[in-house]
There are 2 protein chains.
Amino acid sequence: MNFSEVVQQWIDDYLVNFLPSVSLDLVIFGFHEGQLKVLLLRFNESEDWLLPGGRVGNRENLDDAADRSLRERTGLDRLFLQQFHTFGNLNRLTYFSWHETLSRLGMKEMAVRLLEGDSALKNHRDVSVGFYALVDYTQVSPTPDLLTDECRWWDIDQVPQLLFDHNAMIRMALKTLRRQLSYQPIGYNLLPDSFTMSELQSLYETILGRSLDRRNFYKQLMNYNVLDRLDKRPTIPSSKAPYLYRFNKERYEQLLDSEDFWIG
Amino acid sequence: MNFSEVVQQWIDDYLVNFLPSVSLDLVIFGFHEGQLKVLLLRFNESEDWLLPGGRVGNRENLDDAADRSLRERTGLDRLFLQQFHTFGNLNRLTYFSWHETLSRLGMKEMAVRLLEGDSALKNHRDVSVGFYALVDYTQVSPTPDLLTDECRWWDIDQVPQLLFDHNAMIRMALKTLRRQLSYQPIGYNLLPDSFTMSELQSLYETILGRSLDRRNFYKQLMNYNVLDRLDKRPTIPSSKAPYLYRFNKERYEQLLDSEDFWIG
DNA sequence: TTTCTGTGCGTACATTTGACGCAATACTAC
DNA sequence: GTAGTATTGCGTCAAATGTACGCACAGAAA
């Protein structure tokens, strides 16, 4: 099956089984070696990158569709996943439009058929619900989809020019994430099961983009009462072993519930 | 034209000119006599109330569609209007479903045709983007639409059981509004052009649901540097005339920009 | 004049936040 | 053992912020 046929099959499939006009995009954040990362896809046979997305099944909840899409891209389930904005401007898809994209990909015929024929797709654009997710970098198996060749992590500050309005989406998701971080302990899903205090602090510093005082950070986190201390980690020679911590899930979710502000 | 024909025309119209699957709902807040109010519509020939809504034109920005819908309902333009959540659960429309609603309205035939026929509406439900708006109560001319008989203000704490998930929407909008209020001066659009300090304070107290110290409130607001003091208001006998204030629009928008957190 | 109500300070106290000192704790290397 | 290194868990202090409240004064009416 060549690429044109793949695209056609994808279109046929979505016309029948998914809501028209609505899509969703995922800003999937990971954290590794002191760097905040975001998962991107590379469009088939091109150098154009974009955010993973998805569509909503006819008989599927919006949130479930986001869950499913996240699972398909990362192999992970039941993660921190939250709506942050819904994008519905006309120029979403005309700035770097599908038409232009497909043309650049040498798919002029498809482009014409998609956008100038009398199909249901004429004059069409999606309203897209943006979600952001926090995942454990080490647990993820990045998986491309039908229309993409490659799926991999990018450092947040080295993200290239993306298709559509996806750069703006990332900026907005990051803004939301930062704000949220100052309200509630995030990080449950961004770190491995257990971690040291300085790893957690490094995560916070990376997200917030500024450095924090170690001692104040320690006090704050302990005040939340959300961390369980485990055994020490055997480490590199010639130093004291740092303690490992784990989020207390019960308490963690209690905190999210009490202060969460857009899941009613 | 009887009601069935009206509904049919509405459906035909929307199938051709508007995005399928996407709608929007408006939580329009007003303020009058110490009460926070919300604008509701009464469904034709029934006692069922619901939020004003709208659809997005094929060639229309999402935000513009919200603007337009707000204008159609209130006669007002360019107001504080902000997305707060997108609702996409399947049970949105089945809890008090259209089917049930239409049946109760004696429109069994229409109900069957809508939901069990082989039309494009079978198994259909919308993903709806929720916006909330702050408007000047005194400037609004509530206007029903095609499907509704009546449009009027309700006290926020006396809102009846609404159709669909609209009660939940109001709760969520109010939550967002409260949170936003503690970040930035809101009120520009909820009050007449000029107002006294105690009117403004009363607005804050109503939204926040607790009373504030007059002197501290005064100091805070003056610190924002967002109010211009005008002449005194000639008032009721036997007291000093209170000053009138007006928001300094330039400074007001500057504040919104600096701290705004989900309009990127 | 007195009696209202609104206006614009100032003051006092508790809480929160940020910066930082320091001693105790392990662990390795010698 | 001792020296060296990094983690850990306090404590302190000043600045900023939030909250409660006292008070003198300004105008307008009786």
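Scope of the values below: all heavy atoms of this structure, side chains included, with no hydrogens, waters or symmetry mates.
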Inset, instruction - Starting at atom CD of A:Glu199, determine the distance to atom P of D:dT7, rounded to an integer number of angstrom. - result: 11 Å
Legend entry - With sequence neighbours excluded, residues passing side chain to side chain donor-acceptor pair (under 3.5 Å) with A:Arg178: none
Inset, instruction - Can you tell me the distance, in whole Å, between the CG atom of B:Asn223 and the P atom of D:dA16? - result: 14 Å
Legend entry - Separation of atom OH in B:Tyr243 from atom C1' in D:dA28, rounded to whole Å: 13 Å
Legend entry - Nearest-nucleotide pick for B:Lys219, side chain only, options being D:dC21, D:dT12, D:dT8: D:dC21
Inset, instruction - With pairs defined as Watson-Crick or G-U wobble and both distances under 3.5 angstrom, please note down DNA chain C as a dot-bracket string, | for pairing with another strand. - result: ||||||||||||||||||||||||||||||
Inset, instruction - Starting from C1' on D:dT7, measure out to CE on A:Met222 and report it in whole angstrom. - result: 13 Å
Inset, instruction - Could you pull out all residues at least two apart from B:Arg152 that satisfy salt bridge (Lys or Arg N to Asp or Glu O under 4.0 Å)? - result: B:Glu150
Inset, instruction - Using a cut-off of strictly less than 4.0 Å between a heavy atom of the residue and any atom of DNA chain D, enumerate the qualifying residues of residues 208-217 of chain A by number. - result: A:Arg214, A:Arg215
Legend entry - Within the 6.0 Å centroid threshold, strictly below: A:Phe247 and A:Phe195: yes
Inset, instruction - May I have all residue pairs that pass side-chain hydrogen bond (donor to acceptor under 3.5 Å, both in side chains) and include part of residues 29-38 of chain A, sequence neighbours excluded? - result: A:Lys37-A:Asp155
Legend entry - With sequence neighbours excluded, residues passing salt bridge (Lys or Arg N to Asp or Glu O under 4.0 Å) with B:Asp193: B:Arg246
Legend entry - Under the side chain to side chain donor-acceptor pair (under 3.5 Å) test, residues paired with A:Glu72 that sit two or more places apart: A:Arg68
Inset, instruction - Write down the distance between OH (B:Tyr204) and P (D:dT19), rounded to a whole number of angstrom. - result: 14 Å
Inset, instruction - Give the minimum heavy-atom separation between A:Tyr137 and A:Trp153, together with the two atoms involved. - result: CE1-CD1, 3.2 Å
Legend entry - Partner residues of B:Arg214 under the side chain to side chain contact (heavy atoms under 4.5 Å, CB included) criterion, sequence neighbours left out: B:Gln201
Legend entry - Whole-Å distance separating the CD atom of B:Gln201 from the P atom of C:dG6: 11 Å
Legend entry - Residues forming a side chain to side chain contact (heavy atoms under 4.5 Å, CB included) with B:Tyr218, sequence neighbours excluded: B:Met197, B:Met222, B:Tyr245
Inset, instruction - Using atom CD of A:Gln220 as one end and atom C1' of D:dC10 as the other, report the distance to the nearest whole Å. - result: 16 Å
